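Letters A, B, ... mirror the listed sequences (proteins, then strands); counts begin at 1. This structure is a prediction, so every number in the text was calculated from the model and none was measured.
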Amino acid sequence: MSIGHTLLGLLEGGPRHGYDLKRAYDERFGQDRPLHYGQVYSTLSRLLRNGLVEVEGVEPGGGPERKRYAITDAGITDVEQWLGTPENPEPYLHNTLYAKVVLALMSGRAATEVLDSQRSAHLRLMRELTRRKAGGDLADQLVCDHALFHLEADLRWLELTAARLDQLAAEVRR
Amino acid sequence: MTSATHPAAGTHESEKPEEDDAAPLLEAVGLRKSFGPTPALAGASVSVRPGEIIALMGPSGSGKSTLLHCLAGILVPDAGVVRYRGTEISALSETRRSALRRSEFGFVFQFGQLVPELSCLENVALPSRLGGMDRRAAERRAREWLDRLEVADLAGKRPGEISGGQGQRVAMARALVTGPRVVFADEPTGALDSLNGEHVMRSLVAAAAETGAAVVLVTHEPRVAAYSDREVVVRDGRTRDLSAEGGATGGAARER
Ligand SMILES: Nc1ncnc2c1ncn2[C@@H]1O[C@H](COP(=O)(O)OP(=O)(O)OP(=O)(O)O)[C@@H](O)[C@H]1O
Ligand SMILES: [Mg+2]
C-alpha cells in the first residue's frame with residue numbers, strides 16, 4: 001500500500017501537522033499496522049523534495065513536528081493519477097483498494113471509477129488465466145483456478161463495496 | 001424462407017448483409033425502458049460485433065435482463081433504437097420480431113426453459129420443427145448437438161429426470177441447434193456449481209467459436225465473465241463499457 005499517496009489523499013482535505021496526519025491515517029487505514037512517526041516524517045520529506053507537498057506554516061521551536069504540510073497542485077495531480085490507475089491484480093489487495101475507495105469518497109471523486117477500472121484490470125488477467133487453463137493440463141488448470149478464485153473474491157468484494165458506496169460515503173464524510 | 005423470417009434481407013440498405021467484422025452485428029443506442037414508475041434502463045448502449053462474446057455485469061436490479069430482452073427483441077424500449085444487421089428491430093411488428101428471434105437468435109436462461117412433457121431430444125428438436133423442418137431431420141440435428149454438448153445419453157429422458165447442470169447443457173443444445181447468429185444467455189450458470197458452470201461455459205464458447213455466433217451473456221460471476229471478450233457494466237440502467245474506452249486509464253468521471 002502506498003503510504004505517500006495515502007498521506008497526500010488525506011492532505012487534500014486541508015493542511016495538517018505530521019502527528020495529525022499519522023492519527024488520521026491510523027484511524028482510517030491503520031487497523032493492521034499503524035504508522036511509526038519515523039515513517040510519516042520520512043515520507044513527508046520525500047513528498048516535500050518532489051514538490052508534492054509544501055510547508056505551510058512553522059510554529060516556533062524546532063523539529064519536524066512543528067511544521068504544517070499542505071498539498072500542492074502537483075500533489076493533487078499525483079493523487080488523481082494514483083486513484084485512476086488500477087492496481088496490478090493480485091490476491092490480498094484489499095488494503096490498497098479500500099484506501100483508494102475511501103480517499104476518492106472523501107475528496108468527492110467518483111469512487112465507482114476506482115471500482116470499475118479495477119474490475120476491468122482484474123478481468124483482463126482473469127481472461128488470460130482462463131485461456132491458459134483451456135490449453136493446459138490438469139496441473140495448469142488447478143493452478144489457474146486457484147488464482148481465478150482469489151481474483152474473483154477481490155471482485156466480489158469490490159461489487160459489495162460499490163453497492164454500499166452511499167453508506168460508506170456518509171460515514172467517511174462525517 | 002420469406003422476408004418476414006429474415007427481416008435484414010427485406011431492407012434496402014443491406015441487399016446482401018456482409019459480415020463485416022468491424023461493423024456491429026447487433027447494436028443498442030440510448031435505450032430507455034420503464035415498468036410503470038420504475039426506470040429499468042436510463043440510457044443504455046451496447047454494440048456487439050459478429051462472433052464477439054460480451055458479458056453484461058452489474059448489481060442486481062441494475063437493468064441487465066431488461067437490456068438483454070430489448071437487444072433480443074423480446075421487449076420494446078420506450079426510447080432509443082436496437083439494430084440487428086442494420087435493421088431497426090425495435091420498430092418491427094411483434095410477428096416479425098418473433099420470426100427474427102426464431103431464425104437468428106438462441107436463448108438460454110437460468111432455469112426452467114425445457115418443456116417438461118417432452119424428452120430431451122424432442123426439446124432440442126423443437127426449434128427446428130417450429131421452423132418447418134421435418135421430424136427426422138430435426139431429430140438428427142438435435143442428436144448432433146446433444147452429442148457436442150456431451151449429453152447424448154440423455155436424449156430419451158425427460159427434463160425432470162436429469163440434473164440442473166445436464167439440463168443447462170440440453171438447453172444450450174436447444175439454443176444452438178438452429179445455428180443462431182446471436183446467443184442470449186441470462187445467468188446460464190447461475191444455478192450450477194463451479195465445475196458444471198465451467199463445463200457449460202466451455203461448451204458455449206466452443207460452439208460459438210465454431211459457428212461464429214456472437215454471445216450476449218449476463219452474469220454476476222467474474223469467473224464466468226472471464227470467458228467473454230469484453231465486459232459492459234450496467235449500473236442504474238446505464239451502461240459503461242470500459243474495454244471500449246481502451247482499458248482503465250485516467251481517473252476522470254466520464255459519465256456522471
Ligand atoms: N416485468 C417487470 N415489471 C416490473 N418491473 C420490472 C420488470 N422487469 C424488471 N423490472 C424492474 O426493472 C429493474 C431492472 O430489472 P432487471 O431484471 O433488468 O435487473 P437485473 O440487472 O437483471 O437484476 P438481477 O441481477 O437481479 O437479475 C428492477 O428495478 C426491476 O424490479
Ligand atoms: Mg436479471
At a heavy-atom separation under 4.5 Å, does [X] approach chain A through its side chain, its backbone, both, or neither?
| X | result |
| --- | --- |
| B:S194 | side chain |
| B:E198 | side chain |
| B:M57 | side chain |

With a 4.0 Å cut-off on N to O distance, would you call [X] and [Y] a salt bridge?
| X | Y | value |
| --- | --- | --- |
| A:D26 | A:K22 | yes |
| A:R127 | B:E231 | yes |
| A:R156 | A:E152 | yes |

Option that, when pairs with chain B are counted at under 4.5 Å, heavy atom only, ranks first among A:L155, A:V114, A:L123
A:L123
Could you check whether B:F105 and B:F184 have their ring centres less than 6.0 Å apart?
yes
